[in-house]
Amino acid sequence: MFKTIINAFKVKDIRKKILLTLLLLFIYRLGCWIPAVGFDPQGITGENGNAMFDLMNMVSGGALSHCSVLALGVTPYITASIVIQLLTIAVPALERLSRSGEDGRRKINLYTRIAALVLALAQSIGIVVGYAGVLDANALWVGAPTWLIGVGVVLILTAGGMFTVWIGERITDLGIGNGTSLLIFVGILASASNSMFEAFRMVGQNISYLWYIALFVVAVIAIFALIAFVDSAERRVPVQYAKQIKGRKMYGGQSTYIPIRVNGSGVMPIILASTFITFPQIIISIVAPQSGAMEWYQKWLGTNSWIYIVLLALLILLFSFFWAKISFDPNDVSKRIQQNGGFIPGIRAGKPTAEYLGKISNRITLFGAMFLAVIALIPSLAFKAIGDATGAGILINAFSATGLMIVVSVALELDKQLEAQMLMRNYKGFLN
């Protein structure tokens, strides 16, 4: 990948896109350090912090713990994209829009932005309610009512969330790669660097922490290699197209294949499973943060409990098959193959082909789901094996399961896009 980046800088157009992307990412990270007026940072970074925002804090690179104007990050936009994508399958009108070309995609993007705005407003209200005790009246003016400070913070956080969406779209349109993915990528790396810095600081207090750092680095490299290997793995189903004579020309007669990825659903099952488990905790944290229900939920369904580990694994398996059914339809693929005069060698066209593709998809999805479950449970199992009191928890939290998958996936996708753009500019046709 480093060789690809070096070669990309030699091409003027790609170099401009890379520099513009870096500039927009720098602006985003700068906004993550600008404090939002009305918050007391000591209240969040101290004991009054709420664990329900840990994922948001990791994705935004610690912006929430800094009480910054971009504390929401791209979380509202990601959630809105997932919701709209699911509704596209369930609502016929949205499904027709998704298949109506560029105009339909623009309308769906507009609906996604509107949904992101609504979710950003809702999450801002949730943050203000969850941290109502740390609102700083002196940050605005002395004697201001609490509700007015809360309204001001909600507007600031909502505007910051939509500004983050704008930066991501500008990177996608004018830069390199998917803007939203790169913003998450940078945020996770920033969170990991902060955790590593904290771990090295603890080495001065106890030299034994150095062994934890060494083991952590080796484990992360091994996990990265495993994720990259599985992410690029695919089952290639051969397809043969018969020769067809149309007029005076002959078409077809070629062999190709259908790539079915082992981990075609990516990190989505982990995100959906984690959201499904933590959603009740979010509601309880907002409505009754100091109640017995909150203590019971943290005790029996916290990230370090066996019930959480088993439930998370089962939900990842369930959502993996659910997402595979959404992204890969054997009946539709079989129909398109038959319409183009193709067939799978040894399999009859039509329903037998659909059943054959469905059987392959189910087997591969099962393996990919088991892989995701193992990756997702590594932090929780590591906590069980090492123990929270050893100080290794700082390192284990540096990369969550979601963060590991996102970092590797974004890096591989960025490398592919750079190679594709260089190939397109360096290609020499017969006129050259």
Side-chain angles (χ1 to χ4, degrees), residues 18 20-36 39 41 44-45 49-82 116 119-120 123-124 126-127 156-172 175-199 220 223-224 227 266-268 270-271 274-275 278 376 379 394-414:
I18 294 177
L20 179 61
T21 301
L22 294 176
L23 176 61
L24 292 173
L25 291 176
F26 174 76
I27 294 174
Y28 168 70
R29 289 305 306 162
L30 184 64
C32 291
W33 287 91
I34 300 177
F39 257 136
I44 291 182
T45 57
N50 198 321
M52 62 176 286
F53 300 116
D54 284 347
L55 180 60
M56 292 175 56
N57 192 47
M58 180 201 69
V59 172
S60 62
L64 180 58
S65 61
H66 300 147
C67 306
S68 73
V69 295
L70 303 184
L72 293 182
V74 293
T75 306
Y77 186 78
I78 294 173
T79 307
S81 301
I82 296 173
L119 290 173
Q123 290 184 0
S124 300
I127 291 175
I156 291 174
L157 294 181
T158 304
M162 298 312 296
F163 177 72
T164 305
V165 173
W166 181 83
I167 290 180
E169 291 180 346
R170 296 287 72 77
I171 293 176
T172 303
I176 295 292
N178 183 277
T180 304
S181 300
L182 287 177
L183 292 179
I184 300 174
F185 178 81
V186 172
I188 293 174
L189 290 184
S191 299
S193 62
N194 293 334
S195 298
M196 291 295 294
F197 176 79
E198 182 67 18
V220 166
I223 294 174
F224 275 1
I227 294 176
V267 74
M268 287 308 305
I270 299 179
I271 295 177
S274 302
T275 303
T278 57
I394 296 177
L395 293 174
I396 296 174
N397 280 328
F399 280 108
S400 67
T402 307
L404 289 169
M405 296 292 298
I406 291 175
V407 167
V408 175
S409 300
V410 174
L412 293 176
E413 185 63 27
L414 182 62

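Worth saying up front: this structure is predicted, and the values here are computed from it rather than measured.
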Asks: Can you tell me how far CZ of Arg29 sits from CD1 of Ile34, rounded to the nearest 0.5 angstrom?
Replies: 11.5 Å
Asks: Testing the basics here: between Gln123 and Pro76, what is the closest heavy-atom pair and its distance to 0.1 Å?
Replies: OE1-CG, 3.5 Å
Asks: Just verifying a value: how many Å separate Leu24 CG and Thr172 OG1, rounded to the nearest 0.5 Å?
Replies: 10.0 Å
Asks: Grab the two heavy atoms, one from Ala80 and one from Ala116, that are nearest each other, plus how far apart they are.
Replies: CB-N, 3.5 Å
Asks: Assess the residue pair Leu25 and Ile171 against the criterion (side-chain contact (heavy atoms from CB on, under 4.5 Å)); give the C-alpha distance rounded to whole Å, side-chain angles, the decisive distance to 0.1 Å, and a yes or no.
Replies: CA-CA 9 Å; Leu25 291 176; Ile171 293 176; 3.8 Å; yes
Asks: About how many Å separate OG1 of Thr180 and CD1 of Ile167, when rounded to the nearest 0.5 Å?
Replies: 11.0 Å
Asks: How long is the straight-line distance from CZ of Phe26 back to CG of Leu23, given to the nearest 0.5 Å?
Replies: 8.0 Å
Asks: Ile184 pairs by side-chain contact (heavy atoms from CB on, under 4.5 Å) with which of Ile78, Asn178, Val410, Val407?
Replies: Ile78
Asks: Might you point out which heavy atoms bring Cys32 and Ser68 nearest each other, and give the distance in Å?
Replies: O-CB, 3.0 Å
Asks: Just do the side-chain contact (heavy atoms from CB on, under 4.5 Å) check on Ile176 and Leu414 with the steps written out, would you?
Replies: CA-CA 7 Å; Ile176 295 292; Leu414 182 62; 3.3 Å; yes
Asks: Measuring from Thr75:OG1 to Leu119:CG, what's the distance to the nearest 0.5 Å?
Replies: 10.5 Å
Asks: Assess whether side-chain contact (heavy atoms from CB on, under 4.5 Å) is satisfied between Val165 and Val74, documenting all intermediate values.
Replies: CA-CA 6 Å; Val165 173; Val74 293; 5.8 Å; no
Asks: Tell me the closest heavy-atom pair linking Leu157 and Ser124, and the distance in Å.
Replies: CB-OG, 3.4 Å
Asks: A side-chain contact here means heavy atoms from C-beta on lying under 4.5 Å apart; do Trp166 and Arg170 qualify?
Replies: yes
